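For clarity, every value in this text was computed on a predicted model and none was experimentally measured.
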Amino acid sequence: MTDICERACLKALLSAPSAAGSLYAFVGEAGMDFVFVCGWCDEECVVFCERTGFWGTRFLAPEEFDCWACGGASTTPPGPWTPAD
């Protein structure tokens with residue numbers, strides 16, 4: 001029964017022209033860049049985080065990231081995070 005409901009919901013979403021375009025654009029993105037601050041030199045670093053979860057609304061960040069300026073390893077801060085431009 002659940003499989004039938006899921007297919008019906010997906011068909012309804014994809015049949016609407018505006019919803020289909022936005023759903024495709026959303027699902028098509030592999031991840032997002034976020035700005036984290038280095039714990040050593042306070043420089044802003046852009047870190048790529050992959051989408052995760054059923055709808056892709058959550059992001060999987062590395063536990064540590066390397067600073068581009070000083071090369072130091074910093075711990076990823078707890079969310080919410082600032083998206084990079």
Side-chain angles (χ1 to χ4, degrees):
M1 181 72 171
T2 305
D3 188 39
I4 295 169
C5 293
E6 287 177 1
R7 281 190 272 156
C9 290
L10 185 58
K11 184 177 179 181
L13 279 173
L14 294 177
S15 64
S18 61
S22 61
L23 182 64
Y24 177 75
F26 179 74
V27 173
E29 298 174 13
M32 189 172 187
D33 290 329
F34 290 96
V35 177
F36 299 144
V37 178
C38 175
W40 299 101
C41 67
D42 292 329
E43 186 66 39
E44 290 185 346
C45 299
V46 176
V47 178
F48 179 79
C49 300
E50 293 183 29
R51 286 191 187 275
T52 185
F54 182 75
W55 292 106
T57 56
R58 296 177 182 231
F59 297 93
L60 182 62
E63 290 185 23
E64 291 185 339
F65 63 94
D66 294 327
C67 178
W68 68 271
C70 71
S74 297
T75 306
T76 302
W81 304 318
T82 304
D85 291 334

Under a single-linkage definition using a 4.5 Å side-chain heavy-atom cutoff for Ile, Leu, Val, Met, Phe, Trp and Tyr, are V37 and W81 assigned to the same hydrophobic cluster?
no
What one should report as the nearest heavy-atom pair of A73 and E64 is CB-OE1, 4.0 Å
Side chain to side chain contact (heavy atoms under 4.5 Å, CB included) between F36 and T76, intermediate numbers included
CA-CA 7 Å; F36 299 144; T76 302; 3.7 Å; yes
Would E50 and F59 satisfy side chain to side chain contact (heavy atoms under 4.5 Å, CB included), going step by step from the backbone distance to the final call?
CA-CA 5 Å; E50 293 183 29; F59 297 93; over 6 Å; no
Measuring only between side-chain heavy atoms, which start at C-beta, is V47 closer than 4.5 Å to P62?
yes
Can you name the side chain to side chain contact (heavy atoms under 4.5 Å, CB included) partners of T75, sequence neighbours left out?
none
Just so I know, are the side chains of F48 and F34 near enough to count as touching, which here means a heavy-atom distance under 4.5 Å?
no
If you measure from CG on D42 to SG on C67, what distance do you get to the nearest 0.5 Å?
9.5 Å
Side-chain donor or acceptor of S74 paired with backbone N/O of G39 under 3.5 Å:
yes
Can a donor-acceptor pair be found, under 3.5 Å and without considering hydrogens, that links the side chain of W40 to the backbone of C70?
no
Any donor-acceptor pair under 3.5 Å linking the side chain of W68 with the backbone of E44?
yes
Contact summary for R51 and G56, nearest pair of heavy atoms:
NH1-O, 2.8 Å
